[in-house]
Amino acid sequence: MAATDTHFAQHLSTKRVPAAEREAILADPGFGNHFTDHTAIVDFSADTSGAGSWHDARVEPYGPIALDPAAGVLHYGQEIFEGMKAYRHEDGSIWTFRPDANAARLNRSARRLALPELPEELFLESLRQLVAADQDWVPTREGDSLYLRPFMIATEAFLGVRPAREVSFRVIASPAGNYFGGEVKPVDIWVSRTYARAGRGGTGAAKAGGNYASSLIAQLEAEAHGCKQVLFLDQFNDNAVEELGGMNVFFVFRDGSLVTPALSGTILEGITRSSVIQLGRDRGLDVSERTITLDEWRDGVASGDITEVFACGTAAVITPIGRLRDGDEMIGTADAPAGEVTMSIRSQLLGIQAGLLEDPHGWLTRLV
Ligand SMILES: *Cc1c(COP(=O)(O)O)cnc(C)c1O
């Protein structure tokens, strides 16, 4: 097989966002509000036998997508995505974290959603190309980053039900606010007893927009009960804890051990989750991936065996969980401070990503 062609045509324009406006945005980026000047694109076309290829790799000005109203993504939800960040180091170089893991996960999601797999070199090159074109958008302030959102959509105009033969892979980028500064406050979590985000044999292990669509109503329910996030349970397995709508969950035990729910097919395998498992083991902690039920959570908090609970994912890195609200019942106490182990793992992860701490596993890849 021929080596993958990773040449990207450059259709760069004058910058979409004037420099002064960009600087104002970078002064207070928030999350997901603003987008950079460009987008990286690679298209895929297959013939009726299903054989196809990726072509027309390019960098274009950021802007609306011209999509046929019959495009598959608009009707049958054939869409997957990734979430990662670019970090500027002190010497001005720009890096990302474990992109090989994101590339591999994108392809696992692609297989599940009957989308074509993207060669890993093309995935990485699309990040490099976009970040090179938009490097002015990578924040310099410590703790800030440029959030990268690769995604793949079915673009073929066809209403029959089968996998699309025309597909587009794109990357957009959005500056993300400071996770070093500001107080890290534990958040309250709502247990959804009404809704599930994933089911047996479903798409829960894939990073697919449809999973988010199905979790939004539960998120509204959580907010109506004064909680920030939803915890989903495995109703078939003794109310085992699964994950939040977009973050994995960890428990810290009094003896120092860490527990996270085992991957069951309905849990998304977070790259932050894998990294926390590794960092925990590096510290000599006993880390297990196993079933953990709400009863164990309740009893463990009551007895003091469970000392900290946290959620993790690329966007918010590590967020301490304060209380769990299950109907009228509360697990945990109000105004408990963020746990020590939680905050220590959090600062190690942030430090590695920022290039300030040793990266013992070679997780960083230079983009620019
Ligand atoms: C993206 C995601 C996560 C976190 O994954 P990371 O790779 O750590 O960002 C967790 N759960 C769900 C459902 C997700 O979509």
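Throughout, numbering of the chain's residues begins at 1 and tracks the sequence.
Under the 4.5 Å side-chain contact rule for hydrophobic residues, Val191 and Ile292 share a cluster. Connection of Ile321 to Val301 is established within a shared hydrophobic cluster, with ILVMFWY side chains joined at heavy-atom distances below 4.5 Å, either directly or through further cluster members. Hydrophobic clustering places Trp363 together with Val287 (ILVMFWY residues linked when any side-chain heavy atoms are closer than 4.5 Å, directly or through intermediates). Grouping the Ile, Leu, Val, Met, Phe, Trp and Tyr side chains by contacts below 4.5 angstrom, directly or via other members, places Ile172 with Ile65.
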Would you sort out whether Leu118 and Asn107 count as a side-chain contact (heavy atoms from CB on, under 4.5 Å), showing the intermediate values?
CA-CA 7 Å; Leu118 180 76; Asn107 284 339; 4.1 Å; yes
Full working for side-chain contact (heavy atoms from CB on, under 4.5 Å) between Ser264 and Glu242
CA-CA 9 Å; Ser264 56; Glu242 294 223 300; 3.3 Å; yes
Kindly determine whether Met84 and Phe97 satisfy side-chain contact (heavy atoms from CB on, under 4.5 Å), including the steps that lead there.
CA-CA 7 Å; Met84 46 207 306; Phe97 187 72; over 6 Å; no
Between Arg58 and Asp43, does a side-chain contact (heavy atoms from CB on, under 4.5 Å) hold up when you go through it step by step?
CA-CA 9 Å; Arg58 61 202 186 273; Asp43 291 325; 3.0 Å; yes
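In this structure, the side chains of Leu106 and Glu120 stay at 4.5 Å or more apart for every pair of heavy atoms. Residues Arg346 and Pro320 fail the side-chain proximity criterion, which asks for heavy atoms closer than 4.5 Å. Residues Val17 and Asp37 have side chains in contact (heavy-atom distance under 4.5 Å, counting atoms from C-beta outward). Using a 4.5 Å heavy-atom threshold, the side chains of His55 and Asp5 count as separate. Looking at heavy atoms from C-beta onward, Ile41 lies out of side-chain contact with Asp56 at the 4.5 angstrom threshold. At least one side-chain heavy atom of Leu364 sits less than 4.5 Å from a side-chain heavy atom of His89. Contact annotation: the side chain of Val42 never approaches that of Glu125 to less than 4.5 Å [non-hydrogen atoms, C-beta and beyond]. Within the 4.5 Å cutoff, the side chain of Val259 has heavy atoms near those of the Arg290 side chain.
Within 6.0 Å of atom CD in Gln10, more than 12 heavy atoms from other residues, nucleotides or ligands are found, so the atom counts as buried in its surroundings. Atom CG of Asp255 is surrounded by more than 12 heavy atoms from other residues, nucleotides or ligands within 6.0 Å. More than 12 non-hydrogen atoms from other residues, nucleotides or ligands lie less than 6.0 angstrom from CG of Leu220. The neighbour count for Asp328 CG, taken as heavy atoms of other residues, nucleotides or ligands under 6.0 Å away, does not exceed 12.
Screening Glu221, Gln219, His225 against Trp190 for a side-chain hydrogen bond (donor to acceptor under 3.5 Å, both in side chains) leaves a single residue, Glu221.
A donor-acceptor contact closer than 3.5 angstrom is absent between the side chains of Ser274 and Arg98. Defined by atom type and a distance below 3.5 Å, a donor-acceptor pair is missing between the side-chain atoms of Thr6 and Glu121. Judged by distance alone, the side chains of Ser49 and Asp47 do bring a donor and an acceptor atom under 3.5 Å apart. Between Thr39 and Glu60, the side chains place no donor N or O within less than 3.5 Å of an acceptor N or O (distance only, hydrogens not considered).
A donor-acceptor pair is defined here as one N or O able to donate and one able to accept, closer than 3.5 Å; no such pair exists between the side chain of Arg197 and the backbone of Leu244. Between the side chain of Arg16 and the backbone N or O of Thr36, at least one donor-acceptor pair lies under 3.5 Å. Between the side chain of Thr293 and the backbone N or O of Ala240 there is no donor-acceptor pair closer than 3.5 Å. With Ser109 contributing its side chain and Lys207 its backbone, the two residues share a donor-acceptor pair below 3.5 Å. Between the side chain of Gln78 and the main chain of Gly72, no donor-acceptor pair closer than 3.5 Å is present. Side-chain atoms of Asn211 come within 3.5 Å of backbone atoms of Thr203 as a donor-acceptor pair (strictly under, hydrogens ignored). With hydrogens and angles ignored, the 3.5 Å screen pairs no side-chain donor or acceptor of Glu289 with any backbone N or O of Leu263.
Between Phe250 and Phe310, the angle of the ring planes stays under 30°, which puts this pair in the parallel group of the 30/60° scheme. Relative ring orientation between Phe169 and Phe123 is described as tilted, the plane-to-plane angle lying within the 30° to 60° band.
Salt bridge status for Glu82 with Arg105: present, with a side-chain N to carboxylate O gap under 4.0 Å. Contact check on Glu117 versus Arg111 returns a salt bridge, with a Lys/Arg side-chain nitrogen under 4.0 Å from an Asp/Glu carboxylate oxygen. At a threshold of 4.0 Å, the pair Glu329-Arg298 counts as salt-bridged, since one of the basic side-chain nitrogens sits closer than that to a carboxylate oxygen. Ion pairing of Arg141 with Asp28 is absent here, as no side-chain N (NZ or NE/NH1/NH2) approaches a carboxylate O to less than 4.0 Å. Salt bridge status for Asp134 with Lys15: absent, with no side-chain N to carboxylate O gap under 4.0 Å. Salt bridge Asp144/Arg88: absent, no basic N to carboxylate O contact under 4.0 Å.
Between Tyr147 and Phe31, the gap from one ring centroid to the other is short of 6.0 Å. Aromatic pair Trp95/Tyr87: centroids not less than 6.0 angstrom apart.
Taken to the nearest 0.5 Å, the CG atom of Leu12 stands 9.0 Å off from the CD atom of Gln129.
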